[in-house]
Amino acid sequence: MSADPKRGQFAKAKGEIILREHEFDGIQEFDQKLPNWWLFTFYAAIVFFVFYWSVYYGTTWIKSPQQVVQEKIIAVQAAQLKELNKLLADLDDTKLVYKLATDPLYVAAGQATFTKNCVPCHGVDLSATIDDGHGKRIPLPGLPLTDHIWKFTNKPMGLFNLINKGSPPESTGNNGAKMEAWGQKLSPMEIAQVLSYVISKVPEDFTEIPKPAAK
Ligand code: HEC
């Protein structure tokens, strides 16, 4: 048991140090009254804890980190969808083939996106192969984009959709490899740019797309 608190005050006034009787290995503990500022902070922290705990778990005033993250995700998804719809409202096959894929700035931006994201599977030259250093071409997981064969669709907007949403659910993939939905990582604008770059490499595959009406 600790010493009588009054004794503590008294001893403090006298500048005395009180030790607890218990001793171990020649070590003894102080038994002083703690300073009031320290006690005040300590008790205030306990009161605050009870208050905060009840508010946190008992009310909906404070959002949990999960709720905050969830709300942010929903907001981001809504913003993405809005951006996508805005772009799609203004985009069609004709615009992709004759306007964007012939615009050097657009194509250059698309090439940068392609280099960063698509080269590992579709290759630098879009052939879906890589040189093994001895002149032999090794196949990469993706499909060649310059072989004039389009597995799912040869319509630009169809390709936009394919890149945005990834392999269709019914696809069994290329040797089992499917493509992810790039809309999760790239903005609709970046997808339009990267597709413009792909189209610009094989414009002959898109000649059946109607030309823009002369103004
Ligand atoms: C991890 C590997 C991988 C990456 C990275 C990748 N792809 Fe693919 N891509 C594939 C595979 C695999 C297929 C075939 C999917 C299937 O058959 O379901 C495919 C198919 C395609 C097709 C259809 C080709 C055809 O002949 O019909 C296009 C277009 C395409 N990818 C564009 C892109 C673009 C643009 C990017 C970069 C933003 C990209 N891919 C990044 C693996 C990849």
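Note that ligands are numbered from 1 as they come in the structure, with each ligand's atoms numbered from 1 the same way. Owing to the predicted nature of the structure, the values given are computational and were not obtained by experimental measurement.
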Less than 3.5 Å apart, any donor N or O on the side chain of D92 or T94 sitting next to an acceptor on the other?
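Per modelled atom types, D92 and T94 side chains form no pair under 3.5 Å.
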Assign the ring pair F51 / F48 to parallel, tilted or perpendicular, where the plane angle (0 to 90°) is split at 30° and 60°.
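The arrangement is tilted - the two ring planes meet at 30° to 60°.
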Return yes or no for this condition: an N or O of [X] is under 3.5 Å from an N or O of ligand 1.
| X | result |
| --- | --- |
| W182 | no |
| S167 | yes |
| K151 | yes |
| S171 | yes |
| I149 | yes |

Any N/O/S atom, side chain or main chain, of H122 closer to atom 8 (Fe) of ligand 1 than 2.8 Å?
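Checking atom 8 (Fe) of ligand 1 against H122, an N, O or S atom does fall under 2.8 Å.
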Residue selection (non-hydrogen contact nearest atom 2 (C) of ligand 1) among P120, P168, C121, P144:
C121
So which heavy atom on P188 is nearest to which on E83, and how close?
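Closest pair (atom of P188, atom of E83, distance): CD-OE2, 3.7 Å.
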May I ask you to identify the nearest protein heavy atom to atom 23 (C) of ligand 1, giving residue, atom name and distance to one decimal place in Å?
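Going by distance alone, atom 23 (C) of ligand 1 is nearest to L162 CD2, 3.3 Å.
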Could you tell me the residue and atom name of the protein heavy atom closest to atom 5 (C) of ligand 1, and the distance to it rounded to 0.1 Å?
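Among all protein heavy atoms, the one nearest atom 5 (C) of ligand 1 is N117 O, 3.2 Å.
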